[in-house]
Amino acid sequence: EVQLQASGGGLVQTGGSLRLSCATSGFTFGDYVIGWFHQAPGKEREGVSVIYGSDGVWRTRDNLRGRFTISSDNAKNTVYLQMDSLQPEDTAVYYCGAVKQGMFDLRAILYYYGMNYWGKGTLVTVSS
C-alpha cells in the first residue's frame, strides 16, 4: 500500500523558513516522481515542486524558484521541501504526492496532471 506522510507544517512569520518532510513507503522510491502541491483557501491545488526518485532531477514552479527547494534522501525514502522567505500568500495546506515515472515529464506533472497518490496535508500558515 502506497503511503505518504507529510510533516513539518506550522505557523511562521513573514520572512521565516520551514522544512517539510514526506516519508514514503509501499513502493519503489526510484520508480516514482514524488513532490509537493499546495492548496490555499478558496483555490485549486497546484504544483509546488517535484523530483525524480531515481536521480534527483527536480522542477519547481516558476514563481517559487529561489525560495523553495526540493530534495530527497533515497536511503530514507523521504522527500523534503525547504521553504525560505515565506510570505502570507504561501499559506496553504501542503500535500505530498507520488506518480510512477514515465507517464509524464516533470513540467506536465507540476502544471497539469498532478499525482496518482496523495498523503494527508500539512498546514503552513504565514503571519504578516
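Every heavy atom of this structure was used, including side-chain atoms; hydrogens, water molecules and symmetry mates were not. Sequence positions, counted from 1, serve as the residue numbers for this chain.
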Under a 4.5 Å side-chain heavy-atom rule over Ile, Leu, Val, Met, Phe, Trp and Tyr, are Leu20 and Leu123 clustered together?
no
Report the relative orientation of the aromatic rings in Trp118 and Phe37; use parallel for angles under 30°, tilted for 30 to 60°, perpendicular for over 60°.
perpendicular
Residue pair Arg107 / Tyr112: nearest heavy atoms and the distance that separates them
NH1-CE1, 3.8 Å
Take atom OH of Tyr113 as the centre, draw a 6.0 Å sphere, and report whether it contains more than 12 heavy atoms from other residues, nucleotides or ligands.
no
Answer yes or no: is there a side-chain heavy-atom contact under 4.5 Å between Leu4 and Val79?
no
Cation-pi between Arg61 and Phe68: NZ/CZ under 6.0 Å from ring centre and within 45° of the ring axis?
no
Identify the two heavy atoms, one from Val2 and one from Gly26, that lie closest to each other, and give their separation to 0.1 Å.
CG2-O, 4.1 Å
Let's go through Tyr32 and Asn116 carefully: what are the C-alpha distance in whole Å and the side-chain angles of both, what is the deciding distance for side-chain contact (heavy atoms from CB on, under 4.5 Å) to 0.1 Å, and is it a yes or a no?
CA-CA 10 Å; Tyr32 279 73; Asn116 286 347; over 6 Å; no
Per side chain to side chain contact (heavy atoms under 4.5 Å, CB included), Leu18 is matched among Thr122, Leu81, Leu86, Val126 by Leu86
Hydrophobic cluster identity match, Ile51 and Tyr95, side-chain contacts under 4.5 Å:
no
Please round to the nearest 0.5 Å and tell me the distance separating atom CG of Leu64 and atom OG1 of Thr69.
10.5 Å
Using side-chain heavy atoms (C-beta onward) and a distance below 4.5 Å, is Val33 in contact with Gln101?
yes
Check for a donor-acceptor pair, side chain of Ser21 on one end and backbone N or O of Tyr80 on the other, with a separation under 3.5 Å.
no
Should Val48 and Met115 be regarded as members of a common hydrophobic cluster, given that ILVMFWY residues are connected when their side-chain heavy atoms come within less than 4.5 Å of each other, either directly or indirectly?
no
In the structure I gave you, are the side-chain heavy atoms of Ser17 and Val12 within less than 4.5 Å of one another anywhere?
no
Flag if over 12 foreign heavy atoms under 6.0 Å of CD, Gln5
no
Can you tell me if Glu89 has over 12 outside heavy atoms packed within less than 6.0 Å of its CD?
yes
Quick check against the 3.5 Å criterion: does Arg67 have a side-chain atom that pairs as donor or acceptor with the backbone of Ser85?
yes
For a 4.5 angstrom cut-off between non-hydrogen side-chain atoms, does Val50 reach Val99?
no
Between Gln82 and Asp84 the two heavy atoms that sit nearest each other are NE2-OD1, 2.9 Å
Indicate the atoms forming the closest heavy-atom contact of Ile34 with Gly53, along with that distance.
CD1-CA, 4.1 Å
So if you build clusters from Ile, Leu, Val, Met, Phe, Trp, Tyr with side-chain heavy-atom gaps below 4.5 Å, do Tyr117 and Leu110 land together?
no
Is Val93 close to His38 at the side-chain level, that is, under 4.5 Å between some pair of heavy atoms?
no
State the CZ-CG distance between Arg59 and Asp105, to the nearest 0.5 angstrom.
7.5 Å
If Ile, Leu, Val, Met, Phe, Trp and Tyr residues are connected whenever their side-chain heavy atoms lie under 4.5 Å apart, and connections chain through other members, are Trp58 and Met83 in the same group?
yes
Should the heavy atoms of other residues, nucleotides or ligands under 6.0 Å from CZ of Phe27 be counted, would the total exceed 12?
yes
Residue pair Gln3, Thr24: steps toward the side-chain contact (heavy atoms from CB on, under 4.5 Å) verdict:
CA-CA 6 Å; Gln3 292 190 340; Thr24 74; over 6 Å; no
Closest non-hydrogen atoms of Ile70 and Ser49, given as atom of the first, atom of the second and distance, are CG2-OG, 3.1 Å
How about Asn77 and Ser25: do any of their side-chain heavy atoms sit closer than 4.5 Å?
no
Ser72 and Asn74, any side-chain heavy atoms less than 4.5 Å apart
yes
